[in-house]
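Whatever order the structure lists ligands and atoms in, that order sets their numbers, starting from 1.
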Amino acid sequence: MQVKYDTILVLDFGGQYCHLIGRRIRENGVYSEIVAHDISPEEVKALGEKFNVKGLILSGGPSSVYEPNAPKLNPRILEVNLPILGLCYGHQLLAQLTNGKVKPAACKEYGISQVAIDKPVGVLEGLDKEEKVWMSHGDTVYELPADFEELAHTENCPVAAFRHKQKPIYGLQWHPEVIHTTHGAAMLHNFIFEVCKCEANWKVEDIIEKMVQEIKSEVGSAKAIIGLSGGIDSSVATALAAKALGDQLTAVFVDHGFMREGEPEAIHETFSKLPIHFVMANAQDRFMQKLVGVSDPEKKRKVIGEEFIRVFEEIAEKTGAQYLLQGTIYPDRIESGIRKNSDVIKSHHNVAGLPTNIKFKKIVEPLRDLYKDEVRKVAVMLDLPKELVNRQPFPGPGLAVRIIGALTEGKVTVAKKADAVVRQEIEKSGLAETLWQYFAVLTDTKATGVKGDSRAYGYVVAVRAAESREAMTANFAQIPYPVLERISTRITNEIPQVTRVVYDITHKPPATIEWE
Ligand code: XMP
């Protein structure tokens, strides 16, 4: 029998850190699911069939509780008798809903604040009198109803934390989920274990069997194909699907022509050895034809997403496959705008880039709730080759989204060469293991240069190297100048069409990791 995991539901009010709350809970060995902000008590109860729901966290969000269309909590949620923790917008919403008073703060607080802990109880148990916390709010709670009590304040925020006097309901104006809140982990730990009384019974190890069973029950005895890019997500999904489906499965690698140098050969070498059907679809011309003149990044992603599906459909027709499996992971879905109150950041080719008319009976995504680092753990447990586990992520649309603007074959050649130089030099310098991703971007800007004694007018290549844990946030890496110098010298010497190399020094946010 499958164990039911103790679970905390995170109600999503659209805040940029919502996913981090989910991650932090799972890091404590407790399962978490992100759910719609207006979930009803009946829906919570229905989730109880699958999980042991032990508590709710209301995330932050960009709205003000006074805006006419601000996302609201279903008021009946307060009657479900589960512990509730409201964070930032969630804190204000709880106060408003229970007749407390919220108004625009006299002085808005963004960044690190000093908070005075007046009563170190419940979620705040064990904290110091003064704590460093991360705040990001325009409104503030300044009065509570009689059945609530204030637990902490800041200079500008009279009620920075509160609790209900009898029920396990808490609000924190700050974000315990971000690392800048010094004891944020202790606050969440208190909520999870002391307030919600969760048992840490969720392990990535357990989910392999669960995912294999899920694939089996979705696909049954039918045939399926899986899109395999050679990246870690689709490789892990393929390994799981192979366990579940054996030779009912065909793995399809689509060579769209925007892979890195040497990549199609390497993928063929690795995967044609596995005991599954492996098909390599040579689709370079058809992708290029569809992309001629397309310069808008979102359009590019959609054209690519659709063409992938068309190739899969053609192969499925030959093999008789009714199901398509994909290695979509959680952040792909978040950024593609599966959430009600957040923006589409970019349409990941395998999510929002998909066409609406698809010939498959169903798309099955076994990794849809996992973050990249969790996928890596699963890869290790499945004994996938080390080079594959540690491979830097590579977007499905490949170099097509690293060539800014419209594509031409000439630009693809330049991008491939520049990318190869960045990879070789970073790997030679020993920095590769510390980096999430490192690559070249071919910008659509040209610049003047001088090569030999002559004027040259050529492309500007940008180098991007980022450190990250799960790709939802990232820092540009402080690559030593000598390494950057070697990269720049080699690119401008070896690729005559390039006159200038620049280094991207932007974190995510505000930038994303990829340029398109
Ligand atoms: P961004 O650029 O949104 O990227 O910061 C986050 C991570 O996702 C990868 N990425 C993609 N992967 N299909 C994918 O399979 C896509 O369409 C796609 N777009 C971005 C990106 O390389 C980074 O690791």
Side-chain angles (χ1 to χ4, degrees), residues 16 19-20 23 226-238 252-254 256 258-260 263 267 287 291 294 296-309 312 324-339 342-355 363 365 367-368 370-376 390-404 415 419 422-423 432 435-441 462-477 504 506-516:
Q16 57 172 324
H19 54 276
L20 268 186
R23 282 294 295 122
I226 184 159
L228 173 66
S229 68
I232 182 151
D233 306 341
S234 63
S235 301
V236 166
T238 302
V252 182
F253 167 67
V254 179
H256 48 31
F258 312 121
M259 303 301 286
R260 291 171 281 202
E263 186 113 12
I267 290 167
F287 271 85
L291 286 164
V294 178
D296 175 72
E298 279 297 281
K299 177 111 194 280
K300 249 188 212 177
R301 284 170 176 275
K302 292 198 167 144
V303 169
I304 293 170
E306 161 145 22
E307 209 48 26
F308 263 113
I309 292 289
F312 292 146
L324 173 65
L325 278 78
Q326 298 201 120
T328 312
I329 63 169
Y330 199 37
D332 300 348
R333 299 198 300 131
I334 294 175
E335 297 211 328
S336 294
I338 54 159
R339 301 162 61 202
S342 67
D343 263 3
V344 175
I345 307 291
K346 59 181 66 173
S347 301
H348 282 239
H349 75 288
N350 47 349
V351 188
L354 292 178
I363 296 184
E365 297 175 322
L367 310 179
R368 66 181 177 279
L370 299 189
Y371 291 89
K372 192 74 128 198
D373 50 340
E374 295 172 336
V375 174
R376 286 221 164 96
N390 296 326
R391 216 149 175 245
Q392 54 166 330
F394 186 61
L399 300 179
V401 291
R402 293 181 180 170
I403 298 170
I404 309 309
D419 180 74
V422 174
R423 278 193 290 152
L435 299 175
W436 175 264
Q437 267 171 307
Y438 43 95
F439 54 86
V441 174
V463 175
R464 180 85 163 133
E467 293 162 346
S468 177
R469 269 174 70 182
E470 71 294 87
M472 300 304 302
T473 58
N475 286 348
F476 77 83
D504 181 349
T506 335
H507 298 319
K508 172 184 180 176
T512 55
I513 297 176
E514 304 287 346
W515 272 40
E516 283 198 334

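Contact between W515 and ligand 1 is absent, with no heavy atom of the residue lying under 4.0 Å from the ligand.
Of all atoms in ligand 1, listed by their number and element, those nearer than 4.0 Å to a heavy atom of W436 are 24 (O). Close contacts between ligand 1 and P397 involve ligand atoms 13 (N), 16 (C), 17 (O) [criterion: under 4.0 Å to a heavy atom].
With a 4.0 Å cut-off on non-hydrogen atoms, P395 touches ligand 1 through its backbone as well as its side chain. Contacts between A474 and ligand 1, counted as non-hydrogen atom pairs separated by less than 4.0 Å, are absent for every part of the residue.
Remark: the backbone N or O of P393 is paired with a side-chain donor or acceptor of Q437 at under 3.5 angstrom. The main-chain N or O of Y438 is found under 3.5 Å from a side-chain atom of Q392 such that the two form a donor-acceptor pair.
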Original post:
After noting the C-alpha distance and the side-chain angles of F394 and L399, does the key distance pass the side chain to side chain contact (heavy atoms under 4.5 Å, CB included) rule?
Top reply: CA-CA 9 Å; F394 186 61; L399 300 179; 4.2 Å; yes
Original post:
Passes side chain to side chain contact (heavy atoms under 4.5 Å, CB included), I403 versus F258? Steps please.
Top reply: CA-CA 10 Å; I403 298 170; F258 312 121; 5.7 Å; no
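Looking at E514 next to ligand 1, an N or O pair under 3.5 Å apart turns up. Of the polar atoms of I513, at least one N or O is found under 3.5 Å from an N or O of ligand 1, judged by distance alone. Distances between N or O atoms of F394 and those of ligand 1 include no value under 3.5 Å. Here's the thing with N350: none of its N/O atoms is less than 3.5 angstrom from an N/O atom of ligand 1.
Between H348, K508, R402, it is H348 that holds the heavy atom closest to atom 8 (O) of ligand 1.
Residues passing the side chain to side chain donor-acceptor pair (under 3.5 Å) test with R402 are E514, sequence neighbours excluded.
Across R376, K372, R368, a single residue satisfies salt bridge (Lys or Arg N to Asp or Glu O under 4.0 Å) together with D233, and that is K372.
For F308 and H256, the ring centers sit closer than 6.0 Å to each other.
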